[in-house]
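Here the structure is laid out as structure tokens; the discussion comes afterwards.
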Amino acid sequence: MRIALEHLTKKFGHVVGVEDVSLDIRDGEFVAFLGPSGCGKTTTLLMVAGIYRPTAGIIRFGDRVMNQVAPKDRNIGMVFQSYALYPHMTVFGNIAYPLKLKKVPKQEQIARVQAVADKMGIGDLLDRRPGQLSGGQQQRVALGRALVKQPDVLLFDEPLSNLDARLRLVMRAEIKHLQKELGITSIYVTHDQVEAMTMADRIAVIQNGRLQAFDTPDDLYDRPKTLFIAGFVGNPPMNFVDVEIEQANGAYYAVSPALRVEVPPDRGAAAAAHGGRVVMGIRPEDITIDPTGAVRGRVFVVEPLGRDDLLDVELDAHTRLHVLADPKLKVGAGDPVLLKLDTQKVQFFDAATERSLLWQ
Amino acid sequence: MATATPQHEPYMGSPADDLAFERISTGELVFQAVYSALVTVMLLEIGVIVFRVLEPLVHHAPALFGSGATIDETFTRTIGNALMTLAPFLAYAVAGHKMKPLASVNRARALGAALAAAAIVFVLVTMGQYVFRIGPFAERPSLEMTLRQTDAGILVEEVVSGGTADRAGIRPGDRITAIRRVEVTLAELNTAVRQSKVGDVIRLRVERGDEEEQFPVEVAATMEIRPAALVAGLVIALLFAAVAVFWPGGWTPYALLIAIMLPLAVGYLWLIIATFSFRTEGLLPVNAQGEVGGLTLRNWEFLWREATGSNPSIWRVTLNTLVIATAMMAIVLLVSSMAGYALSRMNFPGRRTFLSLTLILHGFPAVTLLIAIFFVLRNIGNIPVLGDYFGFNTRGGIALVMVAFELPLGVWLMKGFFDGIPWDIERSALIDGASRWRTFYEILLPQIRPGLLALGIFAFISGWGAYLIPQTYSIGTKTATLAVYINQLTSDTAPVNWNEIAAVGLFQMLPVFLLFIFAQEYLLNIYAGGTKGSS
């Protein structure tokens, strides 16, 4: 089922929840809505579900305009962060509820619920009540309930946020596998960019109710169109330094009081064309500690992450860079270090509009 | 619904290890002291009640324990006084007990704090005793003179100037020989004074020189302050507190609870005994001659008494009450749950105003509306058909008014319960294909079932015990409820049979009592306002 949102807007009184969001979701596609808390991603999802009525704009499933269609007639399945199971019903009752409402014959209900439950690995828990299940099992029940009516669209509202880290990894893989296997168009709301990056075919980044970007994970990572996306996607986040671009002997240099590095000519030229001060972005993994490095700094804080150490390196009073370093280097706080910046993937943004100078 | 992640709390140590316990602020000290003083007052009350119940037992000791057993009447007073005197010391013990957690950290500090608290309690109690003239400040019957036993009678050593003896004309140096014509010793005279009431007149035969004369002396109430008693009291208070600090804890709360609950239990026991007795003195059934015994069923006669003109049959009245209570329960449940849902889940103009208005209505004393409602009911009575069932002097009308008074509470309660259900569950049901109405009764109502049960029982009990409204809006006996029936028992011109009233009261109480036994778990929901169902 193809889903199209056209200029979708939702206002609560004078508060704008979602403003002018337009995007096209292809049939069978897995799309993530990514953004910080309160950015409007859940509001958008609830409009797709039919819980909220859009203030303006159009929602289409296929060619049909859904704005006035009640939730029960949209044939969607939804999984909530709080699982939203019916506590007074058994697991069977929960999963069978959508079928019961559709007046599916009793025998067929039993068969379909059993099939879904077996698929979810909860086939032996059908007599239990939600209160007797663990968080992971409850989430499987919720998923089963969403799937049992064979929906055209699956909606996920931060479904993994209440699970512990291990279980989250397992469920992440299962949901992704299930979605590909069933080929149901899915929208997945999350504030966790790792979840969005790993699961989604395309990610819609939403900030303050506005759609910032709608791209594949790779594009978002390598070609961020705004400063917000560059900062939001990627962990640890990208470093930003205010620089000026200097041109000398056909080479381009990014210059600030704290550093002076050569940048690739194509990116440097695009930034220089803008002129004046620009924001340079560089990811922590593109900076290395190297005796031949040209940037001088002092380690401010060391945060061991296990595989890497995350260093907070102070260049001058105004500039600090996050650097991923090998723990074997045994760098301590206060140590002077030399940094080498791999500028092949450096990003440039307009300081005022926060738009990328490289990608439009 | 919390995450099921197992989490291991780091070891925090027992509260007693907490350094905060090392210091006790003055505020805390005073708070504990005031708390202890309140406990004192409660214990005093218990003492009085127990005393009142025990007194007749002692009174009838000969009948109970054989004619040989006689107990001086002052014995019961002694018990009562002992209880009253002991009560404050329990408070000192409580004050000390409060410092126990500290004792496991720092014994010296705990002892100091306990002593300080006990001293504060002592000052508070002493002030209270002074204000209410009890304990060491009790006013005792007295003749306001100092006497000494001599061979030649009782010698008056001093007379309080302006006191009752002085006013009667007794002077120092007089010798008291007899009360009226009965010769007395000092001990006998003191007993006589102690057993008399303030205002009684004791006629003393007094020898003055060679003359003999009778002086009528009115018994006065005098407060004697004995500093030694106060000092002794303080010492004992400190001792109690000190002991309590190091007292092995555990059973103390139970002991306190039992002590506090005892008078209540005794009260109900008393009620039950009274219904089967001709008359009672304390807990003892007593017959017409004032002797122990006299168990009878005559108080329960109302159960099979035929209805007469002014006295309806109890069964008719019970049916009335049942109809009103059940109707009330049904209507309150229906309206409250739906109104509560709307107020909790829907946004409509005037929602906030409605909420505050119902709250105000809840606080409105029903009495003030009686006259206005009378006119409303009378007007309803003029409506054809409807008026026959919901007008003035109908069971329906009474139920209607009662429901109106009960609804604000019900609506607010139900709103609270609905507020406790997460939005997501309702959204989930809508997406699963349920209509809003179906979501309400199939998904939401089952989750607030504890609340519904509690409110239902609440409404039923309130209808069952209804008095003011049925009494006001029913004429004669047609729509009388049990409470009204009890009232009619007292308004007869014949002497009131209180034991029969107790019997009817017990009869009325039984269903409520049973309800409470089976439903206390749900009723706690109302008082705690929680939502157990949404786990």
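Proteins come first, then strands; the chains are lettered A, B, ... in the order of their sequence lines, and each starts at number 1.
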Quiz item: Can you list the steps and then say if A:M78 with B:R427 is a side chain to side chain contact (heavy atoms under 4.5 Å, CB included)?
Solution: CA-CA 9 Å; A:M78 183 154 172; B:R427 287 172 179 160; over 6 Å; no
Quiz item: Among A:M89, A:K100, A:Q81, who wins on heavy-atom pairs under 4.5 Å with chain B?
Solution: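 If we count pairs closer than 4.5 Å to chain B, A:K100 comes out on top.
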Quiz item: Between the main-chain N or O of B:A429 and the side-chain N or O of A:Y86, is there a donor-acceptor pair closer than 3.5 Å?
Solution: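 A pair under 3.5 Å: yes.
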Quiz item: Okay, side chain of A:H88, backbone of B:L444: is any donor-acceptor separation there less than 3.5 Å?
Solution: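 Side chain of A:H88 to backbone of B:L444: no pair is present.
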Quiz item: Salt bridge or not for B:D432 and A:K72, using N-O below 4.0 Å?
Solution: no
Self-check item: Working for side chain to side chain contact (heavy atoms under 4.5 Å, CB included), residues A:F80 and B:I425
Solution: CA-CA 9 Å; A:F80 294 85; B:I425 289 194; over 6 Å; no
Quiz item: Distance from A:L101 atom CG to B:T439 atom OG1, nearest 0.5 Å?
Solution: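 Those atoms lie 8.0 Å apart.
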Exercise. State the CG-OG distance between A:D157 and B:S428, to the nearest 0.5 angstrom.
Key: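 A:D157 atom CG to B:S428 atom OG measures 11.5 Å (nearest 0.5 Å).
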Counting only heavy atoms not in [X], do more than 12 sit closer than 6.0 Å to its [atom1] atom?
X	atom1	value
A:F12	CZ	yes
B:Y441	OH	yes
B:R436	CZ	yes
B:F348	CZ	yes
B:Y389	OH	no

Which atoms of [X] approach chain B - backbone, side chain, both or neither, heavy atom under 4.5 Å:
X	answer
A:L155	neither
A:K102	neither
A:I51	side chain

Quiz item: Considering only heavy atoms from C-beta outward, does the side chain of B:D424 approach that of A:Y83 to under 4.5 Å?
Solution: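 No; the side chains remain at least 4.5 Å from each other.
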Practice problem: Determine whether B:I431 and A:R74 make a side-chain contact, defined as any pair of heavy atoms from C-beta on separated by less than 4.5 Å. | Solution: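 Of all side-chain heavy-atom pairs linking A:R74 with B:I431, none is under 4.5 Å.
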Quiz prompt | Toward chain A, the part of B:E426 with a non-hydrogen atom under 4.5 Å | solution = neither
